[in-house]
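Model, not experiment: these values are computed from the prediction.
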Amino acid sequence: MTDVKIHASWKEHLQGEFSKPYFQSLVSFLKQEKLDNKTIYPPGSQIFNAFDHCPFENVKVVILGQDPYHQPGQAMGLSFSVPKGVPPPASLKNIYKELYSDLKIETPSHGDLTSWAHNGVFLLNAILTVEKSKPGSHQKSGWQEFTDAVIKLLSDKKEHLIFLLWGNFARGKKSLIDQNKHAVLEAPHPSPLTGGAFFGCRHFSQANELLIKFNQKPVEWKIEN
């Protein structure tokens, strides 16, 4: 993980986690996967993209995903996001549909959510790596311990964050969040497997209303082509 890029503000806050035994084991596990010639997504330099593109002090909204996309070229270290030129997966298409229905924001021609990250949306997957074509393959590698610590850090050290928890997996992280300080909005997962239950949650407008109430600048949800 020598080519990892992570913003200095996160490095400072997470120094303690990086030196814990579980994280050292995680690094060893990833090195071994590489030695075994396994294809791991996203590429090493993008594993911490969520942290690199959204500095700790800029975080306003947290959107929690489960693990990275497991097909070639899709995962880029931001939950639900794919690089430009890669067709948006079904869950992201449904997110865009809700965005249009909620805020009348036209669907962009790509699935790259980097501009959201630059606007203070922390796009965190609970598990940061995956083996090609094997969803959930790194679930027990130690990433969840790390990202649970990240969620708790945000909850403890910041005020008035908006956590968007989509689906049962994300909702399972609610106990890490101090709801006396932060707002939690819950909805079914945007996956087509939930039969459209995600639609109508209006989380994008609700998040902005809450940010305004907390005297913060609302998120620019529009994604430029």
Side-chain angles (χ1 to χ4, degrees), residues 5 7 39-54 58-138 143 147 162-167 169-170 185 187-208 218-225:
K5 287 191 293 189
H7 193 273
T39 302
I40 305 302
Y41 299 133
S45 62
Q46 295 178 5
I47 291 172
F48 287 96
N49 251 356
F51 301 81
D52 201 41
H53 287 298
C54 189
N58 291 4
V59 178
K60 297 192 280 196
V61 176
V62 180
I63 298 181
L64 190 66
Q66 192 162 348
D67 64 346
Y69 297 123
H70 55 87
Q71 291 305 319
Q74 291 185 318
M76 57 179 294
L78 303 174
S79 61
F80 296 104
S81 180
V82 291
K84 285 178 180 163
V86 175
S91 292
L92 182 53
K93 282 183 182 170
N94 283 345
I95 290 168
Y96 283 165
K97 280 179 190 169
E98 179 59 25
L99 190 60
Y100 180 77
S101 141
D102 186 13
L103 291 171
K104 293 294 173 276
I105 288 174
E106 293 292 340
T107 298
S109 59
H110 60 85
D112 186 345
L113 304 179
T114 304
S115 68
W116 284 4
H118 293 163
N119 266 281
V121 182
F122 187 48
L123 296 160
L124 178 69
N125 276 321
I127 302 142
L128 298 188
T129 55
V130 70
E131 187 183 340
K132 179 185 177 181
S133 302
K134 291 188 179 175
S137 49
H138 289 185
W143 278 128
T147 54
I162 323 293
F163 288 85
L164 307 187
L165 306 183
W166 298 339
F169 180 86
L185 301 178
H189 197 277
S191 161
L193 299 175
T194 60
F198 173 73
F199 297 131
C201 68
R202 298 190 61 250
H203 278 186
F204 304 104
S205 60
Q206 283 188 60
N208 276 355
V219 170
E220 175 51 81
W221 293 107
K222 186 176 191 290
I223 298 164
E224 298 298 336
N225 290 320

Does a side-chain heavy-atom distance below 4.5 Å link E131 with H70?
no
Hey, are the side chains of I95 and W166 touching, using non-hydrogen atoms and a 4.5 Å cut-off?
yes
Would a 4.5 Å heavy-atom cut-off, applied to side chains only, mark F80 and L123 as touching?
no
How are the rings of W221 and W116 set to each other: parallel, tilted or perpendicular (split at 30° and 60°)?
perpendicular
Can you list everything that forms a ring-ring contact (aromatic ring centres under 6.0 Å, His included) with F122? Sequence neighbours excluded, please.
W10, F51
Give a yes or no on whether the backbone of N125 and the side-chain of Q66 come within a donor-acceptor separation of less than 3.5 Å.
no
I'd like to check L124 versus S79 (side-chain heavy atoms, cut-off strictly below 4.5 Å). Are they in contact?
no
For H7, give me all partners under side chain to side chain donor-acceptor pair (under 3.5 Å), at least two apart in sequence or on another chain.
S9
Are H138 and T129 close enough, and set up right, to give a side chain to side chain donor-acceptor pair (under 3.5 Å), and what steps lead you there?
CA-CA 6 Å; H138 289 185; T129 55; 2.7 Å; yes
Do the side chains of Y96 and L92 get nearer than 4.5 Å, heavy atoms only?
yes
Search all heavy atoms of P72 against all heavy atoms of K132 and return the closest pair with its distance.
CG-CE, 4.0 Å
Can you confirm whether C54 sits close enough to V121 that some side-chain heavy atom of one is under 4.5 Å from a side-chain heavy atom of the other?
no
H110 side chain near P88 side chain, heavy-atom distance below 4.5 Å
no
